[in-house]
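Owing to the predicted nature of the structure, the values given are computational and were not obtained by experimental measurement.
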Amino acid sequence: MTKKIHKYSGKKLSRGEPPNFSGQHLMHNKKLIHEIVDRANISIEDTVLELGAGKGALTTVLNQRAGKVLAVEYDAKFVDILKRKTAQHPNTIIIHQDMMKIRLPKEKFVVVSNIPYAITTPIMKKLLNHPSSSFQRGVIVMEKGAARRFTQNFIKNAYVLVWRMRFDIRLVKTISRDHFSPPPKVDSAMVTITRKKEAVIASKDCIAFAGLAEYALKEPQAPIDLALRGIFTPPQMKHLRRNLKMNHEQPIGTLNEKQWGTVFQTMVQMVPRHYWPRANKRT
(Lines give C-alpha, C1' and ligand atoms only; values in the text may rest on other atoms or scores of the structure.)
Protein backbone atom coordinates (compact mmCIF):
# COMPACT_ATOMS: atom_id res chain seq x y z
CA MET A 1 0.00 0.00 0.00
CA THR A 2 1.10 3.52 -0.66
CA LYS A 3 -0.24 6.84 0.53
CA LYS A 4 0.17 10.13 -1.21
CA ILE A 5 0.95 13.54 0.21
CA HIS A 6 0.48 16.29 -2.35
CA LYS A 7 2.93 19.10 -2.54
CA TYR A 8 2.14 22.31 -4.38
CA SER A 9 4.33 22.76 -7.43
CA GLY A 10 4.46 26.54 -7.17
CA LYS A 11 3.07 27.04 -10.68
CA LYS A 12 0.88 30.12 -11.06
CA LEU A 13 -2.71 29.04 -11.61
CA SER A 14 -5.17 30.40 -14.12
CA ARG A 15 -8.53 31.54 -12.78
CA GLY A 16 -10.70 28.52 -12.02
CA GLU A 17 -7.80 26.09 -12.39
CA PRO A 18 -7.38 23.69 -9.43
CA PRO A 19 -4.03 23.51 -7.64
CA ASN A 20 -1.38 21.50 -9.44
CA PHE A 21 -0.31 18.78 -7.00
CA SER A 22 2.43 17.33 -9.15
CA GLY A 23 4.96 16.66 -6.39
CA GLN A 24 3.82 13.54 -4.57
CA HIS A 25 5.22 11.74 -1.56
CA LEU A 26 4.09 8.16 -1.03
CA MET A 27 3.66 6.78 2.46
CA HIS A 28 5.24 3.35 2.60
CA ASN A 29 4.62 2.46 6.26
CA LYS A 30 1.63 0.09 6.39
CA LYS A 31 1.68 0.05 10.18
CA LEU A 32 1.27 3.82 10.22
CA ILE A 33 -1.62 3.66 7.75
CA HIS A 34 -3.45 1.21 10.03
CA GLU A 35 -2.64 3.35 13.06
CA ILE A 36 -4.30 6.34 11.37
CA VAL A 37 -7.46 4.34 10.68
CA ASP A 38 -7.46 2.77 14.15
CA ARG A 39 -7.19 6.23 15.71
CA ALA A 40 -10.32 7.29 13.80
CA ASN A 41 -12.33 4.51 15.49
CA ILE A 42 -14.37 3.84 12.36
CA SER A 43 -17.49 1.66 12.51
CA ILE A 44 -20.13 0.41 10.08
CA GLU A 45 -22.30 3.35 11.15
CA ASP A 46 -19.85 5.93 9.82
CA THR A 47 -19.70 7.88 6.58
CA VAL A 48 -16.02 8.68 5.97
CA LEU A 49 -14.75 11.49 3.74
CA GLU A 50 -11.19 11.07 2.47
CA LEU A 51 -9.67 14.16 0.87
CA GLY A 52 -6.83 13.36 -1.53
CA ALA A 53 -7.29 9.59 -1.75
CA GLY A 54 -4.30 9.06 -4.06
CA LYS A 55 -3.78 5.39 -4.91
CA GLY A 56 -6.10 4.23 -2.15
CA ALA A 57 -3.82 3.21 0.71
CA LEU A 58 -6.21 4.64 3.31
CA THR A 59 -9.28 4.03 1.16
CA THR A 60 -8.78 0.28 1.02
CA VAL A 61 -8.48 0.07 4.79
CA LEU A 62 -11.35 2.47 5.49
CA ASN A 63 -13.83 0.62 3.28
CA GLN A 64 -13.27 -2.55 5.32
CA ARG A 65 -14.70 -0.80 8.37
CA ALA A 66 -16.98 2.10 7.36
CA GLY A 67 -20.55 2.03 6.13
CA LYS A 68 -19.67 4.48 3.33
CA VAL A 69 -16.41 5.95 2.05
CA LEU A 70 -16.35 9.09 -0.09
CA ALA A 71 -12.87 9.17 -1.65
CA VAL A 72 -12.03 12.50 -3.31
CA GLU A 73 -9.18 12.64 -5.83
CA TYR A 74 -8.44 15.07 -8.68
CA ASP A 75 -5.60 13.27 -10.48
CA ALA A 76 -7.19 11.20 -13.27
CA LYS A 77 -4.45 8.53 -13.13
CA PHE A 78 -5.10 7.95 -9.45
CA VAL A 79 -8.86 7.97 -10.00
CA ASP A 80 -8.47 5.05 -12.40
CA ILE A 81 -6.39 3.16 -9.84
CA LEU A 82 -8.93 3.89 -7.10
CA LYS A 83 -11.80 2.63 -9.24
CA ARG A 84 -9.97 -0.63 -9.95
CA LYS A 85 -9.03 -1.18 -6.30
CA THR A 86 -12.53 -0.47 -4.98
CA ALA A 87 -14.57 -2.11 -7.75
CA GLN A 88 -15.68 -4.89 -5.41
CA HIS A 89 -16.67 -2.49 -2.64
CA PRO A 90 -20.06 -0.85 -3.30
CA ASN A 91 -19.70 1.19 -0.10
CA THR A 92 -16.92 3.24 -1.74
CA ILE A 93 -17.72 6.23 -3.96
CA ILE A 94 -14.86 7.77 -5.94
CA ILE A 95 -15.31 11.51 -6.45
CA HIS A 96 -13.16 12.88 -9.28
CA GLN A 97 -13.10 16.54 -8.28
CA ASP A 98 -11.04 19.35 -6.75
CA MET A 99 -11.41 18.81 -3.01
CA MET A 100 -11.91 22.53 -2.40
CA LYS A 101 -14.99 22.55 -4.63
CA ILE A 102 -16.87 19.54 -3.30
CA ARG A 103 -20.00 19.84 -1.21
CA LEU A 104 -19.60 18.36 2.22
CA PRO A 105 -21.97 15.50 3.11
CA LYS A 106 -25.30 16.50 4.62
CA GLU A 107 -25.29 13.47 6.91
CA LYS A 108 -22.93 13.22 9.85
CA PHE A 109 -19.44 12.34 8.63
CA VAL A 110 -15.88 11.59 9.72
CA VAL A 111 -12.74 12.75 7.90
CA VAL A 112 -9.67 10.53 7.57
CA SER A 113 -7.17 12.12 5.21
CA ASN A 114 -3.60 12.92 4.34
CA ILE A 115 -4.05 16.45 3.04
CA PRO A 116 -1.91 18.63 0.71
CA TYR A 117 0.54 20.88 2.54
CA ALA A 118 -0.17 23.90 0.34
CA ILE A 119 -3.88 24.10 1.15
CA THR A 120 -3.91 22.82 4.72
CA THR A 121 -5.56 25.93 6.18
CA PRO A 122 -8.22 26.24 3.44
CA ILE A 123 -9.16 22.60 3.94
CA MET A 124 -9.42 23.06 7.70
CA LYS A 125 -11.56 26.17 7.17
CA LYS A 126 -13.81 24.23 4.81
CA LEU A 127 -14.36 21.59 7.49
CA LEU A 128 -14.52 23.77 10.60
CA ASN A 129 -15.73 27.26 9.69
CA HIS A 130 -19.41 26.49 9.27
CA PRO A 131 -21.50 25.96 12.43
CA SER A 132 -24.14 24.03 10.46
CA SER A 133 -21.63 21.49 9.09
CA SER A 134 -22.26 17.82 9.88
CA PHE A 135 -18.54 17.16 10.42
CA GLN A 136 -18.15 15.15 13.65
CA ARG A 137 -14.52 14.16 14.03
CA GLY A 138 -11.41 13.40 12.06
CA VAL A 139 -7.85 12.13 11.91
CA ILE A 140 -5.79 14.22 9.52
CA VAL A 141 -2.14 13.96 8.51
CA MET A 142 -0.79 17.43 7.75
CA GLU A 143 2.40 19.47 7.69
CA LYS A 144 3.90 19.61 11.20
CA GLY A 145 4.15 23.41 11.38
CA ALA A 146 0.45 23.82 10.62
CA ALA A 147 -0.42 21.13 13.17
CA ARG A 148 1.48 23.01 15.87
CA ARG A 149 -0.22 26.28 14.96
CA PHE A 150 -3.68 24.73 15.23
CA THR A 151 -3.01 22.99 18.54
CA GLN A 152 -0.64 25.16 20.61
CA ASN A 153 -1.88 26.71 23.85
CA PHE A 154 -0.97 30.24 22.78
CA ILE A 155 -3.56 31.21 20.16
CA LYS A 156 -2.46 33.63 17.45
CA ASN A 157 -5.18 33.25 14.82
CA ALA A 158 -8.82 34.22 15.28
CA TYR A 159 -10.10 31.45 13.01
CA VAL A 160 -8.25 28.82 15.06
CA LEU A 161 -9.86 30.20 18.21
CA VAL A 162 -13.31 30.04 16.60
CA TRP A 163 -12.70 26.39 15.67
CA ARG A 164 -11.61 25.53 19.17
CA MET A 165 -14.79 26.87 20.71
CA ARG A 166 -16.60 23.96 19.04
CA PHE A 167 -13.89 21.34 18.44
CA ASP A 168 -11.04 19.76 20.39
CA ILE A 169 -7.94 19.74 18.16
CA ARG A 170 -4.98 17.65 19.33
CA LEU A 171 -1.54 16.87 17.89
CA VAL A 172 -1.14 13.12 18.43
CA LYS A 173 2.33 12.49 17.04
CA THR A 174 4.97 13.68 14.62
CA ILE A 175 5.44 11.58 11.47
CA SER A 176 8.97 11.53 10.16
CA ARG A 177 9.61 12.52 6.56
CA ASP A 178 11.43 9.17 6.30
CA HIS A 179 8.05 7.42 6.12
CA PHE A 180 7.51 8.90 2.67
CA SER A 181 9.15 8.22 -0.66
CA PRO A 182 10.52 10.52 -1.86
CA PRO A 183 10.77 12.20 1.54
CA PRO A 184 9.30 15.73 1.80
CA LYS A 185 11.42 18.59 3.12
CA VAL A 186 9.53 18.76 6.43
CA ASP A 187 7.94 16.31 8.85
CA SER A 188 4.21 15.71 9.08
CA ALA A 189 1.94 15.24 12.08
CA MET A 190 -1.18 13.29 12.95
CA VAL A 191 -3.96 15.53 14.28
CA THR A 192 -7.29 14.49 15.77
CA ILE A 193 -10.37 16.71 15.67
CA THR A 194 -13.42 15.97 17.82
CA ARG A 195 -16.63 17.97 18.10
CA LYS A 196 -17.16 19.10 21.69
CA LYS A 197 -20.19 17.59 23.44
CA GLU A 198 -21.11 21.12 24.45
CA ALA A 199 -19.79 23.99 22.37
CA VAL A 200 -18.38 26.91 24.35
CA ILE A 201 -20.09 29.26 21.89
CA ALA A 202 -23.51 28.40 20.45
CA SER A 203 -23.83 28.17 16.67
CA LYS A 204 -26.09 31.23 16.57
CA ASP A 205 -23.34 33.29 18.24
CA CYS A 206 -20.41 32.19 16.03
CA ILE A 207 -20.41 35.27 13.79
CA ALA A 208 -20.54 37.64 16.75
CA PHE A 209 -17.77 35.68 18.48
CA ALA A 210 -15.64 35.75 15.31
CA GLY A 211 -15.83 39.54 15.38
CA LEU A 212 -14.58 39.59 18.97
CA ALA A 213 -11.80 37.09 18.19
CA GLU A 214 -10.55 39.02 15.15
CA TYR A 215 -10.55 42.31 17.06
CA ALA A 216 -8.82 40.95 20.17
CA LEU A 217 -6.17 38.87 18.38
CA LYS A 218 -4.83 41.58 16.07
CA GLU A 219 -1.84 41.57 18.43
CA PRO A 220 -1.86 38.22 20.29
CA GLN A 221 1.04 39.31 22.54
CA ALA A 222 -0.79 42.46 23.65
CA PRO A 223 -1.91 42.67 27.30
CA ILE A 224 -5.58 41.85 27.78
CA ASP A 225 -6.52 45.43 28.70
CA LEU A 226 -4.97 46.79 25.51
CA ALA A 227 -6.36 44.05 23.28
CA LEU A 228 -9.92 44.60 24.50
CA ARG A 229 -9.77 48.39 24.72
CA GLY A 230 -12.58 49.87 22.65
CA ILE A 231 -15.00 47.11 23.64
CA PHE A 232 -15.00 47.30 27.43
CA THR A 233 -14.91 50.37 29.66
CA PRO A 234 -12.25 50.41 32.44
CA PRO A 235 -14.81 49.35 35.12
CA GLN A 236 -16.08 46.57 32.84
CA MET A 237 -12.50 45.48 32.16
CA LYS A 238 -11.78 45.32 35.89
CA HIS A 239 -14.88 43.17 36.38
CA LEU A 240 -13.83 40.91 33.50
CA ARG A 241 -10.26 40.44 34.77
CA ARG A 242 -11.60 39.49 38.17
CA ASN A 243 -13.84 36.82 36.61
CA LEU A 244 -10.97 35.54 34.48
CA LYS A 245 -8.54 35.57 37.42
CA MET A 246 -6.00 37.41 35.25
CA ASN A 247 -3.78 40.43 35.74
CA HIS A 248 -3.79 43.31 33.27
CA GLU A 249 -0.38 42.37 31.84
CA GLN A 250 -1.28 38.86 30.70
CA PRO A 251 -1.21 38.48 26.88
CA ILE A 252 -4.58 38.00 25.23
CA GLY A 253 -3.23 34.97 23.32
CA THR A 254 -2.88 32.97 26.54
CA LEU A 255 -6.61 32.74 27.24
CA ASN A 256 -8.13 29.27 27.01
CA GLU A 257 -11.50 28.41 25.46
CA LYS A 258 -13.40 28.66 28.73
CA GLN A 259 -11.94 32.11 29.43
CA TRP A 260 -12.88 33.25 25.92
CA GLY A 261 -16.42 32.08 26.65
CA THR A 262 -16.39 34.34 29.72
CA VAL A 263 -15.12 37.28 27.65
CA PHE A 264 -17.89 36.79 25.10
CA GLN A 265 -20.67 36.41 27.68
CA THR A 266 -19.43 39.52 29.49
CA MET A 267 -19.57 41.45 26.22
CA VAL A 268 -23.11 40.20 25.55
CA GLN A 269 -24.30 41.15 29.03
CA MET A 270 -22.51 44.46 29.55
CA VAL A 271 -21.70 46.02 26.17
CA PRO A 272 -24.37 47.55 23.89
CA ARG A 273 -24.58 45.60 20.65
CA HIS A 274 -23.58 48.51 18.43
CA TYR A 275 -20.16 48.50 20.17
CA TRP A 276 -19.48 44.84 19.35
CA PRO A 277 -16.68 44.40 16.77
CA ARG A 278 -17.84 42.89 13.49
CA ALA A 279 -16.28 39.92 11.77
CA ASN A 280 -14.57 40.30 8.44
CA LYS A 281 -17.11 39.49 5.72
CA ARG A 282 -14.76 36.90 4.18
CA THR A 283 -14.73 35.07 7.51
Side-chain angles (χ1 to χ4, degrees), residues 18 36-53 56 58-59 61-74 82 86 89-116 119-142 146-147 150-151 157-172 190-210 213 257 260-261 264 279 281-283:
I36 292 166
V37 177
D38 289 343
R39 179 74 64 171
N41 194 27
I42 301 300
S43 77
I44 196 67
E45 305 297 324
D46 291 317
T47 293
V48 179
L49 177 65
E50 184 187 1
L51 300 171
L58 279 173
T59 316
V61 179
L62 289 168
N63 65 14
Q64 300 294 322
R65 308 189 193 184
K68 184 194 296 185
V69 176
L70 305 173
V72 183
E73 177 55 52
Y74 186 76
L82 284 165
T86 62
H89 296 273
N91 67 335
T92 306
I93 300 171
I94 308 303
I95 302 172
H96 184 189
Q97 194 173 352
D98 176 1
M99 68 184 74
M100 291 306 301
K101 295 181 179 179
I102 65 167
R103 290 189 177 184
L104 297 177
K106 292 183 178 180
E107 72 264 34
K108 292 181 178 180
F109 68 97
V110 180
V111 172
V112 182
S113 300
N114 180 12
I115 61 176
I119 54 172
T120 297
T121 298
I123 289 172
M124 291 286 282
K125 286 183 175 180
K126 185 177 182 72
L127 294 173
L128 301 177
N129 270 13
H130 306 288
S132 60
S133 168
S134 298
F135 175 54
Q136 300 300 303
R137 68 183 192 278
V139 179
I140 300 178
V141 174
M142 64 180 69
F150 300 150
T151 60
N157 301 103
Y159 59 84
V160 173
L161 174 59
V162 175
W163 299 343
R164 286 163 63 168
M165 304 307 280
R166 293 181 293 120
F167 292 90
D168 291 318
I169 308 174
R170 302 283 183 264
L171 195 162
V172 176
M190 187 190 306
V191 172
T192 60
I193 307 170
T194 309
R195 184 179 288 271
K196 293 180 185 290
K197 291 183 178 179
E198 291 187 15
V200 181
I201 298 296
S203 294
K204 65 181 179 64
D205 294 324
C206 279
I207 293 176
F209 180 78
E257 291 97 319
W260 276 108
F264 181 74
K281 288 184 178 180
R282 289 178 299 176
T283 306

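- No side-chain donor-acceptor contact under 3.5 Å links Glu50 and Ser113.
- Sparse packing is recorded around CD1 of Ile207, with 12 or fewer heavy atoms of other residues, nucleotides or ligands lying under 6.0 Å away.
- Not counting sequence neighbours, Lys108 has no partner by the salt bridge (Lys or Arg N to Asp or Glu O under 4.0 Å) test.
- Met100 has its side chain within reach of Ile123: a pair of non-hydrogen atoms, C-beta onward, lies under 4.5 Å apart.
- One distance of note links CD1 of Ile93 with OG1 of Thr59; it measures 12.5 Å at 0.5 Å rounding.
- Formation of a donor-acceptor pair under 3.5 Å by the Ser133 side chain with backbone atoms of Asn129 is not found in this model.
- In this structure, the separation between NZ on Lys125 and CD1 on Ile119 is 13.0 Å, given to the nearest 0.5 Å.
- Glu45 pairs by the salt bridge (Lys or Arg N to Asp or Glu O under 4.0 Å) definition with nothing, not counting sequence neighbours.
- Going from atom OG1 of Thr192 over to atom CG of Leu171 covers 8.5 Å, rounded to the nearest 0.5 Å.
- Put simply, the side chain of Gln64 reaches to within 4.5 Å of the side chain of His89, judged on heavy atoms.
- The closest donor-acceptor contact from the side chain of Asn63 to the backbone of Thr92 lies at 3.5 Å or more, if one exists at all.
- The shortest distance between side-chain heavy atoms of Met99 and Pro116 falls below 4.5 Å.
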Thr194 vs Phe167, test: side chain to side chain contact (heavy atoms under 4.5 Å, CB included). Steps then yes/no.
CA-CA 5 Å; Thr194 309; Phe167 292 90; over 6 Å; no
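- In terms of the side-chain hydrogen bond (donor to acceptor under 3.5 Å, both in side chains) criterion, Lys126 has no residue partners (sequence neighbours excluded).
- Every residue meeting the salt bridge (Lys or Arg N to Asp or Glu O under 4.0 Å) condition with Asp38, not counting sequence neighbours, appears here in chain and number order: Arg65.
- Of the residues Val48, Thr47, Leu70, the one that meets the side-chain contact (heavy atoms from CB on, under 4.5 Å) test with Phe109 is Thr47.
- Among all heavy-atom pairs drawn from Ile201 and Gly261, the shortest one is CD1-CA, 4.4 Å.
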Can you check side chain to side chain contact (heavy atoms under 4.5 Å, CB included) on Tyr74 and Gln97, steps first, answer last?
CA-CA 5 Å; Tyr74 186 76; Gln97 194 173 352; 5.7 Å; no
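- Taking all atoms of both residues into account, the shortest heavy-atom contact from Ala53 to Leu82 is CB-CD1, 3.8 Å.
- Taking the side chain as every heavy atom from C-beta outward, Val112 and Ile42 approach each other to under 4.5 Å.
- With sequence neighbours left out, Arg166 forms a salt bridge (Lys or Arg N to Asp or Glu O under 4.0 Å) with no residue at all.
- Heavy-atom minimum distance, Ser134 versus Pro105: CB-O, 4.0 Å.
- Counting heavy atoms from C-beta outward, Ile36 and Leu58 have side chains that approach closer than 4.5 Å.
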Show your reasoning for whether side chain to side chain contact (heavy atoms under 4.5 Å, CB included) applies to Ile140 and Val111.
CA-CA 7 Å; Ile140 300 178; Val111 172; 4.1 Å; yes
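- Atom NZ of Lys68 is separated from atom CD of Glu107 by 4.5 Å, given to the nearest 0.5 angstrom.
- For the atom pair CG (Asn91) and OG1 (Thr86), the distance works out to 9.0 Å, reported to the nearest 0.5 Å.
- Separation of atoms OG1 (Thr121) and CG (Asn157) is listed at 8.0 Å; rounding is to 0.5 Å.
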In sequence, state the C-alpha distance, the side-chain angles, and the governing distance for Arg164 and Lys196, and then conclude on side chain to side chain contact (heavy atoms under 4.5 Å, CB included).
CA-CA 9 Å; Arg164 286 163 63 168; Lys196 293 180 185 290; 5.6 Å; no
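- Sorted by first and then second residue, the salt bridge (charged side-chain N to carboxylate O under 4.0 Å, His left out) pairs involving residues 128-138 (not counting sequence neighbours) are Asp46-Arg137.
- Judged by distance alone, with hydrogens and angles left aside, the side-chain atoms of Glu73 form no donor-acceptor pair with the main-chain N or O of Ala71 at under 3.5 Å.
- The side-chain heavy atoms of Met142 and Phe150, taken from C-beta on, include a pair separated by under 4.5 Å.
- Note on ring orientation: taking the six-membered ring where Trp is involved, the planes of Phe209 and Trp260 are perpendicular (angle over 60°, cut-offs 30° and 60°).
- By the 4.5 Å heavy-atom criterion applied to side chains, Ile102 and Leu49 are counted as neighbours.
- Counting non-hydrogen atoms of neighbouring residues, nucleotides and ligands closer than 6.0 angstrom, the CZ atom of Arg39 reaches no more than 12 such neighbours.
- Residues Val37 and Val139 are not in side-chain contact: their nearest non-hydrogen atoms beyond the backbone lie 4.5 Å or more apart.
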